[in-house]
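Below, all heavy atoms of this structure are taken into account, side chains as well, without hydrogens, waters or symmetry copies. In what follows, every chain begins at residue 1, and chains take the letters A, B, ... in the order their sequences are listed.
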2 protein chains.
Amino acid sequence: MEKTKYSLATRELKKHKKSLSNPRLKILEYLCYYRDHPTAEQMYVDLHKELPTLSKTTIYNTLHALAELGLVKILNFEENKARYDIITEEHGHFKCQTCGGIFDFQVEQKLIPKGELLGYKIMERNLYFKGICKKCL
Amino acid sequence: MEKTKYSLATRELKKHKKSLSNPRLKILEYLCYYRDHPTAEQMYVDLHKELPTLSKTTIYNTLHALAELGLVKILNFEENKARYDIITEEHGHFKCQTCGGIFDFQVEQKLIPKGELLGYKIMERNLYFKGICKKCL
DNA sequence: GAATAAAATTGTAATCATTACAAATTTTCT
DNA sequence: AGAAAATTTGTAATGATTACAATTTTATTC
Ligand SMILES: [Mn+2]
Ligand SMILES: [Mn+2]
Ligand SMILES: [Zn+2]
Ligand SMILES: [Zn+2]
């Protein structure tokens, strides 16, 4: 699963004639390993240790490039900063107000538009819940 | 309905010993009348015309105060800026990628936590959909 | 109703995530 | 190798929001 995402991403990069540069591979590795929806800042701080030349601009560039190819999803539910997710399949996010953790959850029913959305073309669904996780309760 | 929100808000302000100042009333009026989820900037530009002394800081202060009292909901689904909603009852938002309009929709089932969320305490649910509205299709 | 205290508003400067951009470096192609 | 294209980098700019101190308005006291 983890390996799958990584090799799928590298394959997709090659297909689009994007080089498998060190920054790109390290950023991909990071996203595949720490699946806790990191911010660009978090990735920068962590990756800077093993790749001291890495710049923040490259992180943003790369994340946008990956998002462009559909390999990363940019999450905008926080008030200020974005978070990045290697899992691009539709799923919901739950943020625990106590520990701050962000957890994935599956979204069941395929949801046929009804009510006010009848006749609307739904192309993307984002679910963001808040509360307290089991561990913190 | 529209009048209801406004009078409920003024009543709540009085209850908390907050003065019914001109800026507050004008901001409330605006939110009750234009229910299109405006940004702080939009409110500033529009309200500045009839209340030229109004500052942007006051808009932010007031919106936060109203949110504190549960009279306004701050929406954070846009990448950079926040939007403000006088409707605080739970409902979803649909953004049309063509006309840019943001439309409300009701969220049906009361959703009992299951799957990964079993045992989690859900305190807030945010639904944000994207696509194309009926008019633009 | 004037004096005084408290609350609200204002303008400006600071913050912070993200983006723009041009120079430097690396990779790819010939 | 040498030229061209792609990528990375550092720094400056942007833009929404917040901090803060000074000013104005509103409420309270005498
Ligand atoms: Mn996720
Ligand atoms: Mn709404
Ligand atoms: Zn928790
Ligand atoms: Zn539309």
Side-chain angles (χ1 to χ4, degrees), chain A residues 9-10 12-30 37-69 71-85 102, chain B residues 9-10 12-30 37-69 71-85 102:
Chain A
T10 55
E12 200 68 10
L13 284 173
K14 271 189 220 152
K15 194 204 284 183
H16 287 82
K17 305 207 196 307
K18 305 264 179 200
S19 66
L20 303 185
S21 65
N22 216 352
R24 281 179 186 156
L25 295 181
K26 283 285 191 291
I27 287 169
L28 271 174
E29 258 180 48
Y30 189 98
H37 314 93
T39 63
E41 175 68 23
Q42 283 171 325
M43 301 183 64
Y44 176 70
V45 170
D46 291 346
L47 287 175
H48 196 261
K49 289 168 193 163
E50 52 171 322
L51 196 54
T53 70
L54 183 68
S55 82
K56 214 178 266 190
T57 301
T58 297
I59 294 197
Y60 281 110
N61 285 347
T62 304
L63 289 170
H64 285 156
L66 292 171
E68 199 74 30
L69 297 179
L71 300 172
V72 156
K73 179 136 172 58
I74 303 175
L75 307 175
N76 286 310
F77 50 71
E78 300 268 62
E79 20 245 18
N80 37 357
K81 52 197 162 317
R83 292 181 173 276
Y84 301 87
D85 200 339
I102 294 168
Chain B
T10 55
E12 200 66 11
L13 283 173
K14 272 190 216 148
K15 195 204 282 182
H16 287 81
K17 306 209 193 309
K18 303 266 180 198
S19 67
L20 303 183
S21 65
N22 215 352
R24 282 179 186 158
L25 295 181
K26 283 284 190 292
I27 287 168
L28 271 174
E29 259 180 47
Y30 189 99
H37 315 93
T39 63
E41 175 68 23
Q42 282 171 325
M43 301 182 65
Y44 176 70
V45 170
D46 291 346
L47 288 173
H48 196 262
K49 289 167 191 162
E50 52 171 322
L51 195 54
T53 70
L54 183 69
S55 82
K56 215 178 267 189
T57 301
T58 297
I59 294 196
Y60 281 110
N61 285 345
T62 303
L63 289 170
H64 284 155
L66 292 171
E68 199 75 30
L69 298 177
L71 299 172
V72 156
K73 180 137 171 57
I74 303 175
L75 308 176
N76 287 309
F77 50 71
E78 300 269 61
E79 20 246 17
N80 38 357
K81 52 196 162 316
R83 292 182 172 275
Y84 300 87
D85 200 339
I102 293 168

Taking atom CD as the centre, does A:Glu68 end up with more than 12 heavy-atom neighbours from other residues, nucleotides or ligands that are less than 6.0 angstrom away?
no
If I take atom CG in residue B:Leu13 and atom P in nucleotide D:dT26, what distance separates them, rounded to the nearest angstrom?
15 Å
For C:dT10 and B:Ser55 - does any side-chain N or O of the residue sit under 4.0 Å from the phosphate oxygens OP1/OP2?
yes
Counterpart residues, side chain to side chain donor-acceptor pair (under 3.5 Å), relative to A:Tyr30 (two or more places apart):
A:Asp46
First locate atom NZ of B:Lys26, then atom NE2 of B:His48, and finally report the distance between them rounded to the nearest 0.5 Å.
14.0 Å
More than 12 heavy atoms of other groups within 6.0 Å of B:Glu78 CD
yes
Atom CD1 of B:Ile59 to atom C1' of C:dG11: distance rounded to whole Å?
14 Å
Just the table, please: protein N/O against nucleotides 24-29 of chain C N/O, every pair under 3.5 Å.
none

Rounded to the nearest angstrom, tell me the gap between atom NZ in B:Lys14 and atom P in D:dA27.
12 Å
All side chain to side chain donor-acceptor pair (under 3.5 Å) counterparts of A:Asn76, not counting sequence neighbours
B:Glu79
Reading nucleotides 13-23 of chain D 5' to 3', which nucleotides get B (base under 4.0 Å from a protein heavy atom), which S (sugar-phosphate only), which -?
---SSBBB---
Excluding sequence neighbours, so at least two apart, what forms side chain to side chain donor-acceptor pair (under 3.5 Å) with A:Thr58?
A:Ser55
Length of the NZ-C1' vector between B:Lys18 and C:dA6, whole Å
12 Å
Round to a whole Å and report the spacing from CG of B:Leu54 to C1' of C:dG11.
13 Å
Gap between atom OH of A:Tyr84 and atom CD1 of A:Ile74 - 0.5 Å precision:
5.5 Å
Interatomic distance, A:Leu28 CG vs D:dT7 C1' [rounded to whole Å]
15 Å
I need the CG-P distance between A:Leu47 and D:dT9, as an integer number of Å.
11 Å
What is the distance, to the nearest angstrom, from the CD atom on B:Glu79 to the C1' atom on C:dC16?
17 Å
Non-hydrogen atoms of B:Ser19 and B:Arg24 that approach each other most closely:
O-NH1, 2.9 Å
B:Lys14: partners by side chain to side chain donor-acceptor pair (under 3.5 Å), with sequence neighbours left out:
none
